[in-house]
Every structure is written in structure tokens, then in C-alpha cells.
2 protein chains.
Amino acid sequence: MKTLTSRQLQVLEFIQDSIRVANMPPTIAEITVAMGFGSTNATRGHLQALERKGAIELIPNSSRGIRLVQAGAFEPGLPLVGRVAAGRPLLAEENIEDYRPVDPSFFSPRADYLLRVRGESMRDAGILDGDLLAVHRSPTADNGQIVVARLQDEVTVKRLRRTGQVVYLEAENPDFPAIEVDLKQETLALEGIAVGVVRNL
Amino acid sequence: MKTLTSRQLQVLEFIQDSIRVANMPPTIAEITVAMGFGSTNATRGHLQALERKGAIELIPNSSRGIRLVQAGAFEPGLPLVGRVAAGRPLLAEENIEDYRPVDPSFFSPRADYLLRVRGESMRDAGILDGDLLAVHRSPTADNGQIVVARLQDEVTVKRLRRTGQVVYLEAENPDFPAIEVDLKQETLALEGIAVGVVRNL
DNA sequence: TTTCATACTGAATATATTAGCACTGCTTTT
DNA sequence: AAAAGCAGTGCTAATATATTCAGTATGAAA
């Protein structure tokens with residue numbers, strides 16, 4: 001979506017408010033009054049600009065014919081990634097097991113997908129086998145964060161420790177050894193940062 | 001809400017579908033076509049019946065002026081219960097810290113509220129201090145389930161074990177002893193069954 | 001300097017939509 | 001038997017709403 005002008009943004013926000021409050025899009029006349037315009041054409045101009053820029057879709061000859069094209073306006077929830085096929089991107093369709101009605105903005109930073117946890121290696125961090133890990137996509141992470149990493153076609157959840165050029169992926173379970181990655185020899189592909197846990201009992 | 005006739009229900013369902021698909025209520029004409037009526041008045045009759053019965057609200061002289069009055073259409077989410085005041089019901093207003101956008105039906109059975117967990121007594125079950133426990137209200141529970149119980153104005157989360165007339169509330173942490181409740185002497189007030197865990201990392 | 005996007009006014013028109021009146025016919029309740 | 005609710009048709013009026021045409025003015029890009 002191209003960048004919107006501040007006036008266009010105001011119009012867009014009014015439309016969003018309207019949908020939230022009244023459960024339906026506003027009429028052009030309603031926008032005109034709310035914005036304080038003297039002519040419905042002022043609104044039409046903005047609407048057409050918003051449509052050109054991909055923010056909304058206008059349905060011709062239809063009352064309240066404004067549709068928000070926000071990515072994820074009617075999304076089915078967050079994708080749940082189960083077993084990951086070797087050599088395929090994490091969010092490739094064949095890895096998505098299902099969609100779950102979890103609010104992405106419940107977590108901070110926002111969750112982008114859910115990963116079904118396998119194994120007991122993070123047990124002492126309260127992350128158990130079968131739990132759904134809420135993950136925020138990010139190629140970088142801070143020291144000490146729990147991350148989702150890719151190692152030789154294996155997806156793993158571990159705590160990140162970095163000392164100079166060496167990264168340790170530590171389990172939270174004494175039965176599992178830490179994995180050592182020397183950044184001088186190999187690269188570490190981070191798939192994201194763990195931002196939450198959801199478990200069905 | 002009074003009971004709807006099957007025809008009225010069909011109209012209501014079309015309206016609901018319409019809102020879900022198009023993100024706006026339908027016009028009377030759209031309903032008329034969808035239902036196969038020859039006259040918009042057939043629809044108007046149904047709409048007025050639906051309004052009388054409290055299923056919808058009609059906004060006069062407004063295009064698409066149909067508002068669903070479903071309970072919980074704009075619900076704020078699940079109540080989050082924090083510290084519980086002595087002698088007050090769990091879901092009394094002063095115990096509700098906030099509302100969180102969690103889908104109740106994500107859990108099974110349905111979650112009725114969230115309880116902020118205090119302490120480490122359920123650590124080995126992967127329930128940590130600060131976690132949000134999704135709880136289904138229930139006065140009874142099966143053996144082995146994790147329950148929310150009330151003991152002398154204290155709310156506690158424990159695993160339930162019952163042998164005859166004696167109930168043990170077991171922690172999942174060797175540092176905490178089990179609590180023994182003799183049903184012949186005292187009653188055990190169950191506030192609900194744990195159905196899930198949500199954690200913000 | 002011309003063109004283009006933004007940001008509006010003002011008036012007129014076409015159409016979409018709600019709303020009202022007058023009916024028919026069936027079933028259930030009083 | 002009458003009244004009330006349900007389920008419709010058919011037509012017209014009123015008004016809500018979108019759309020089009022004709023302008024003005026400003027600042028940025030070509």
C-alpha cells in the first residue's frame with residue numbers, strides 16, 4: 001500500500017471507527033459531515049485516492065459500498081505450523097496444519113504464527129510437548145530470548161546465548177545439551193522470537 | 001429473545017452471513033432476492049418480526065440499517081481475575097483486573113475467565129508464576145484434573161485427587177505439600193477446571 | 001512551464017433503498 | 001367465530017445515497 005496523506009488517513013480512520021462502532025461502513029454523506037466538508041465530492045476524492053492506493057475497495061452503486069482491504073481483516077486466525085518439511089519455508093502451505101483463533105496483538109511484539117512444540121527440551125521454561133508457541137517473525141534476537149531457529153532442516157526452539165562469534169542454543173532441561181554454532185563457519189537462520197505460549201489442557 | 005420461526009431464522013442467518021462475508025449488513029432488496037421473495041415487503045415483515053423479538057435492531061431511514069443485537073457481539077473478551085478479595089465471589093467486579101481478547105471456544109470445554117497464576121506450585125505442569133490460566137466454571141471435576149479451588153478465602157490452583165471421602169489438592173512441585181481436605185468435615189468449593197494456559201513471554 | 005496529485009465547493013442527476021398502503025391466504029390462539 | 005400472528009404479492013412515494021459535471025486553489029514533479 002502506498003503512503004497515505006494525513007487527510008486520507010483521517011478519512012480511513014473514520015471508516016474504521018464507523019465499522020467498529022456501527023458494524024457497517026459509513027455513507028459518503030456521513031463521512032462528509034464527520035470531516036466537515038461542504039461537498040460530498042471532497043469525500044469522493046479521498047475515497048478514490050484511498051482505493052487507488054489499495055487501502056479500500058469501492059463497490060459501485062452500492063450504499064455504504066466501502067470495503068476495507070486490510071490484510072487480515074477477515075483472517076481466519078494465526079497459522080499453526082506443525083511438522084516442517086525439509087527445505088521448505090516455515091510458512092509454506094504444506095507446513096500449515098491449521099488456523100487458530102488467536103489474537104496476534106495479544107502478544108508483544110505481535111505474534112505472526114503458532115508453532116507446535118515437539119519434545120521436552122524447554123520443559124523448565126514451562127514450554128511442554130504439544131504446546132503452541134506464539135512466534136514473532138524476526139531475523140534477529142537479543143541475548144537470552146527464546147527463539148525459533150533452523151538448523152539443517154530441523155526447526156528448534158531454544159534460548160539464545162551469544163558470546164562473540166559463537167552462539168549457544170540452550171535447552172531449558174538438563175537432559176539436553178546446548179547446541180554450539182560458530183558464526184565464522186556456519187550461519188544461523190532465525191525464524192522468529194517466542195512471544196507467548198498457549199496450551200490446551 | 002422469543003423463539004423465531006424457521007423462516008425468520010433463515011432471514012437472520014442470511015444477515016449474519018452477509019455481515020461476515022461483505023462486512024456490512026444487506027439491504028432489504030438483497031435479502032428479498034436471496035430469499036426468493038417477489039416483494040420487498042415480505043422481507044420487511046420478517047425484519048419487523050425479528051426486531052419485535054429482539055434479534056435485530058432496525059435503524060429507520062438508513063440504508064443497510066440492520067444491527068444484530070447478539071449478546072457478545074462486541075464483547076470485550078474474557079475477564080482476567082487477579083488478586084481475589086477475601087469473601088467476595090471470584091467474578092465480582094473488584095476482582096476483575098482487565099479483559100483480554102481470548103477466544104473462549106478456543107478451549108474445550110469453553111473458557112469462562114482467565115486467572116492470573118501466583119507462585120510456583122504448579123511449575124512442573126508448565127504453569128508458571130504470572131501465567132494466565134483459562135478456567136471453565138464448574139462445581140465438579142474429575143480425578144486428576146487441574147482445578148481452581150477456594151480454601152479459606154484463598155484461591156488456589158492444584159491437581160485434584162480423590163480417594164473416598166478425602167480429597168488431595170496436589171501441587172506439581174516437590175517443594176509444596178499436598179493439601180488434604182476431608183469432605184466429612186469441610187466442604188471444598190471448586191471455582192472451575194483449568195482448560196488452558198496462556199503466557200506472554 | 002506544463003502536468004499531476006491533493007484538497008476542496010456547488011449543483012444537478014440517477015439510482016438504490018426504505019417506507020407506506022392495499023390486498024390474499026393460512027394457521028394458531030382466544 | 002373472531003382476532004392475531006405468519007407469510008406473502010404488487011405498487012407507489014419518499015428519501016437516502018452514489019455519481020457526474022463544472023469549477024477553484026496549492027504545492028510538487030517533469
Side-chain angles (χ1 to χ4, degrees), chain A residues 1-70 73, chain B residues 1-69:
Chain A
M1 198 203 296
K2 290 165 198 156
T3 47
L4 303 178
T5 67
S6 74
R7 212 75 175 117
Q8 287 163 3
L9 197 64
Q10 283 173 42
V11 173
L12 182 61
E13 278 169 358
F14 175 76
I15 296 168
Q16 289 166 338
D17 281 4
S18 207
I19 290 176
R20 205 182 41 240
V21 172
N23 253 305
M24 53 178 150
T27 64
I28 292 178
E30 283 166 6
I31 301 172
T32 305
V33 170
M35 296 291 295
F37 297 147
S39 164
T40 56
N41 275 350
T43 301
R44 279 187 67 74
H46 288 302
L47 290 182
Q48 281 161 358
L50 284 168
E51 183 171 46
R52 259 202 321 280
K53 295 182 176 179
I56 61 173
E57 186 189 339
L58 295 174
I59 301 150
N61 296 319
S62 175
S63 70
R64 306 177 191 274
I66 302 169
R67 182 177 295 170
L68 295 177
V69 287
Q70 310 167 315
Chain B
M1 196 202 299
K2 290 162 197 158
T3 46
L4 304 178
T5 67
S6 74
R7 213 72 176 118
Q8 287 164 1
L9 196 66
Q10 282 173 42
V11 172
L12 182 60
E13 278 170 357
F14 176 75
I15 295 168
Q16 289 166 337
D17 281 3
S18 209
I19 289 175
R20 204 178 45 238
V21 172
N23 252 306
M24 53 180 151
T27 63
I28 293 178
E30 282 165 6
I31 301 172
T32 304
V33 170
M35 295 292 295
F37 297 148
S39 164
T40 54
N41 275 348
T43 301
R44 280 184 64 75
H46 287 302
L47 290 182
Q48 281 159 1
L50 285 169
E51 183 172 43
R52 257 200 324 279
K53 294 182 176 181
I56 62 173
E57 185 190 336
L58 294 175
I59 301 152
N61 296 318
S62 175
S63 70
R64 306 178 190 274
I66 302 168
R67 181 177 295 169
L68 295 177
V69 287

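Protein chains get the first letters and strands the later ones, always in sequence-line order, with residue 1 at the start of each.
Between B/R52 atom CZ and D/dC6 atom C1' the separation is 9 Å, expressed in whole Å. Summarising the geometry, the separation between CZ on B/F37 and P on D/dA7 is reported as 9 Å, rounded to the nearest angstrom. In this entry the distance linking CZ of B/R64 with C1' of C/dT15 reads 13 Å, nearest Å. Taking atom CG on A/L47 and atom C1' on D/dA18, their separation rounds to 11 Å, with Å as the unit. In this structure, B/Q48 atom CD and D/dA7 atom P are separated by 14 Å, rounded to whole Å. Atom CE in A/M35 sits about 11 Å away from atom C1' in C/dC8, given to the nearest Å. B/I28 places its CD1 atom 10 Å from the P atom of C/dG20, with the value rounded to the nearest Å. For the pair B/I59 CD1 and D/dT15 C1', the interatomic distance rounds to 16 Å; values are reported in whole Å.
When ring centroids are compared, B/F37 and B/H46 come within the 6.0 Å threshold.
Dashed line: the shortest gap from a side-chain N or O of A/R7 to OP1 or OP2 of C/dT6 is not under 4.0 Å. Between A/S62 and the phosphate of D/dA18, there is no side-chain N or O to OP1/OP2 separation shorter than 4.0 Å. Put simply, B/K53 has no side-chain N or O that comes within less than 4.0 Å of OP1 or OP2 on D/dG5. Contact between the side-chain N/O atoms of B/R44 and the OP1/OP2 oxygens of C/dG20 is found at a separation under 4.0 Å. Taking side-chain N and O atoms only, B/S63 has no distance below 4.0 Å to OP1 or OP2 of D/dA16. Within the 4.0 Å cut-off from OP1 or OP2 of D/dA7, at least one side-chain nitrogen or oxygen of B/Q8 is found.
Atoms CE and CZ, on A/M24 and A/R64 in that order, are 4.5 Å from each other to the nearest 0.5 Å. Once rounded to the nearest 0.5 Å, the distance linking CZ of B/R44 with CD1 of B/I28 reads 5.0 Å.
The side chain of A/N61 lies closest to D/dA18 when the candidates are C/dT18, D/dG8, D/dA18. Listed candidates were C/dT17, D/dT17, C/dA7. Nearest to the side chain of B/T27 is C/dT17.
Nearest-nucleotide positions on DNA chain D place B/T40 closer to the 5' end than the other of B/T40 and A/G65. Toward the 5' end of DNA chain D, the nearer of the two residues B/A49 and A/P60, judged by each one's closest nucleotide, is B/A49.
Between the side chains of B/R67 and B/S62, no donor N or O sits under 3.5 Å from an acceptor N or O.
Within the 4.0 angstrom heavy-atom criterion, only backbone atoms of the sugar-phosphate kind lie near B/G38; the bases stay farther away. Contacts of A/S39 with the nucleic acid, taken as non-hydrogen atoms under 4.0 Å apart, include base atoms.
Within the 4.5 Å cutoff, side-chain heavy atoms of B/L12 are placed close to those of B/L68.
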